[in-house]
Amino acid sequence: MTGPGDALLEVEHLAKRFGGVTAVDDCSFTVEAGTITALIGPNGSGKTTVFNLITGYLRADSGRISFGGRTYARPDPAALYRRGLSRTFQQARVFPELTVLDNLIVAAGHRWRALFGPRHSRADVERAGGLLDEFGLAGHADEPARELSYGQRKLLEFASVLMSEPRLILLDEPTAGVNPVLIEAMERHVRGRHASGVTFLIVEHDMNLVMRLCDPVIVLDRGTRIAAGPPDAVRADPAVLDAYLGG
Ligand code: ADP
Ligand code: MG
């Protein structure tokens with residue numbers, strides 16, 4: 001078991017190059033259980049690449065991660081998902097032709113059941129219905145997901161990752177391009193799930209939101225961690241100001 005204060009996720013010396021570009025460079029940090037941790041940094045500082053390395057969507061050149069006490073030199077998205085690590089994408093990934101409800105059902109990930117059993121388990125349908133209510137999407141349950149607004153798709157993606165009852169959720173820019181009402185909803189859902197025990201690592205560009213929602217805050221610049229700590233300390237750190245203003 002991992003309790004508050006323990007390292008739920010450890011990122012150790014990750015590195016990734018794309019041709020001549022060093023996107024992530026000897027990057028190490030820890031996400032403690034029970035936190036809403038922010039990962040911030042200027043555009044192109046490697047935040048999304050770090051998410052892709054942690055979750056196994058990209059293969060690191062070197063380094064490793066530990067999640068829930070297990071070490072992975074080659075993380076695999078499906079294996080991590082089953083062990084309780086889920087993520088969203090900067091460009092929300094939903095199945096546009098599936099209904100909103102079915103997007104949640106398939107996210108439950110009982111593939112054997114889809115193949116061999118009744119298509120939808122009663123428990124999954126109930127769980128999905130509860131999430132649609134919670135996320136204000138119940139009225140769209142039977143529409144194809146492509147009918148949703150951009151912000152609603154982001155909410156649907158967030159709801160989808162909750163079908164697997166994750167312990168750690170990585171959100172990549174959950175509020176980018178989302179209207180203020182849905183930004184508030186997003187914040188409320190993060191707080192609610194955090195209160196029920198989920199740990200978050202959030203890439204977020206809205207500094208007001210970061211400062212009121214997240215602690216600690218980790219700052220990347222050119223693929224490396226340059227600061228980490230409580231929001232007030234990070235905000236006052238000259239190296240952080242330099243990274244954002246220095247270009
Ligand atoms: P952030 O999410 O912080 O904006 P990214 O992780 O997306 O940063 O990008 C970090 C750097 O790696 C940037 O210079 C970007 O152009 C480069 N990069 C990211 N993904 C790729 C890729 N698939 N191929 C080539 N370069 C990439
Ligand atoms: Mg990014």
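Every number for a ligand or one of its atoms is a count from 1 in the order of the listing. Note: hydrogens, waters and symmetry copies are ignored here, and every other heavy atom, side chains too, is used.
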Q) Taking the side chain as C-beta and beyond, is there a heavy-atom pair between V219 and D221 under 4.5 Å? A) no
Q) Can you list the protein N, O or S atoms less than 2.8 Å from the Mg ion (ligand 2)? A)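 Listed by chain and number, the nearby protein N, O or S atoms are T48 OG1, Q90 OE1.
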Q. Would you say the side-chain atoms of T199 and T35 include a donor-acceptor pair closer than 3.5 Å?
A. no
Q.
Which label fits H189 and F158: parallel for a plane angle under 30°, tilted from 30 to 60°, or perpendicular past 60°?
A. perpendicular
Q) Which residue pairs pass the salt bridge (Lys or Arg N to Asp or Glu O under 4.0 Å) test when at least one of the two sits in residues 143-163, sequence neighbours left out? A)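 Found E97-R146.
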Q: Only pairs at least two apart or in different chains count here, so list each salt bridge (Lys or Arg N to Asp or Glu O under 4.0 Å) that has a residue in residues 209-219.
A: E187-R212
**Q.** Neighbouring residues of ligand 1, heavy-atom cut-off under 4.0 Å
**A.**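 If the criterion is a heavy atom under 4.0 Å, then ligand 1 touches F18, V21, A23, P42, N43, G44, S45, G46, K47, T48, T49.
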Q) Is the backbone of L8 close enough, under 3.5 Å, to the side chain of D6 for a donor and an acceptor to pair up by distance? A) no
**Q.** Short side-chain to backbone donor-acceptor contact, D172 and R87, under 3.5 Å
**A.**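 Flag not set: sc D172 to bb R87 has no pair under 3.5 Å.
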Q: For the pair R235 and D232, evaluate salt bridge (Lys or Arg N to Asp or Glu O under 4.0 Å) and give the outcome as yes or no after the intermediate values.
A: CA-CA 5 Å; R235 179 161 47 183; D232 285 336; 2.8 Å; yes
**Q.** Sole candidate of L39, L85, I36 that passes side-chain contact (heavy atoms from CB on, under 4.5 Å) when paired with L201
**A.** L39
